[in-house]
Amino acid sequence: MPRQPDHPDPEDIQLARLFSALGDPARLRIMAVLADRSEHQREDFTVEVAPSTLSHHMKILREAGLTRHRFEGTRCFVSLRTDTLERFSAVLNSTLELVAADEEEAAAPRPHHRPAQS
């Protein structure tokens, strides 16, 4: 049976560690993808970092108790931990809404502005 990653026990998840894990723009982008509450493969995360750096960010989110990682063969599936979402619902639901809105705003086409002529 393939090795599954370690996940913290629910009672060991601390709010300060969640905030620390969310304190990086790349990890917020990962959370924006997960905001749909679906399971995603690592290829779904379009964070512009090296693969090893993405793995590091994923590990921080997992160890903080925010995500669950599941392997099927060589593929890794990542999802939000529902137990953590329920326990810290006010904080995490607000955060997920904000990061999803930020991602939508960043993806929206920006109007082209012409410089004012003298």
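Exactly one residue among Arg81, His57, His7 makes a side chain to side chain contact (heavy atoms under 4.5 Å, CB included) with Arg62. That residue is His7. The side chain to side chain contact (heavy atoms under 4.5 Å, CB included) test with Arg27 singles out one residue from Val47, Leu66, Leu61, and that residue is Leu61.
Atom CG of residue Asn93 and atom CD of residue Glu86 lie 10.0 Å apart, to the nearest 0.5 angstrom. Expressed to the nearest 0.5 Å, how far CD of Gln14 lies from CZ of Phe19 amounts to 13.0 Å. Put simply, CG on Leu80 and CG on Leu96 are 5.5 Å apart, with the number rounded to the nearest 0.5 Å. The distance from the CZ atom of Arg68 to the CG atom of Asp83 is 6.0 Å, given to the nearest 0.5 Å. Atom CZ in Arg17 sits 9.0 Å away from atom CD1 in Ile60 (nearest 0.5 Å).
Note on Ile13: it clusters hydrophobically with Leu34, by side-chain heavy-atom contacts below 4.5 Å among ILVMFWY residues. Residues Val91 and Ile30 are members of one and the same hydrophobic cluster, defined by side-chain heavy-atom contacts under 4.5 angstrom among Ile, Leu, Val, Met, Phe, Trp and Tyr. Residue Leu98 is not grouped with residue Leu15 when hydrophobic side chains (ILVMFWY) are merged at heavy-atom distances under 4.5 angstrom, including chains of intermediate members.
Looking only at side-chain heavy atoms (C-beta outward), Phe45 and Met58 come within less than 4.5 Å of each other. Leu22 is listed as a side-chain neighbour of Leu92, based on a closest heavy-atom distance under 4.5 Å. Using a 4.5 Å cut-off on side-chain heavy atoms (C-beta onward), Val78 and Asp44 make no contact. Arg37 has its side chain within reach of Leu85: a pair of non-hydrogen atoms, C-beta onward, lies under 4.5 Å apart. The shortest distance between side-chain heavy atoms of Phe77 and Gln41 falls below 4.5 Å. With a 4.5 Å cut-off on side-chain heavy atoms, Arg42 and Ser55 count as touching. Contact annotation: the side chain of Leu28 never approaches that of Asp102 to less than 4.5 Å [non-hydrogen atoms, C-beta and beyond]. Contact annotation: the side chain of Thr95 never approaches that of Leu18 to less than 4.5 Å [non-hydrogen atoms, C-beta and beyond].
Scanning all heavy atoms of the two residues, the minimum distance from Ala64 to Pro8 falls at C-CG, 4.4 Å. Smallest separation of non-hydrogen atoms from Ala100 and Ala35: CB-CB, 4.2 Å.
More than 12 heavy-atom neighbours from other residues, nucleotides or ligands sit within 6.0 angstrom of CD on Glu11.
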Is there a side-chain contact (heavy atoms from CB on, under 4.5 Å) between Arg29 and Thr46? Walk through the geometry before answering. CA-CA 8 Å; Arg29 293 205 60 199; Thr46 58; 3.8 Å; yes
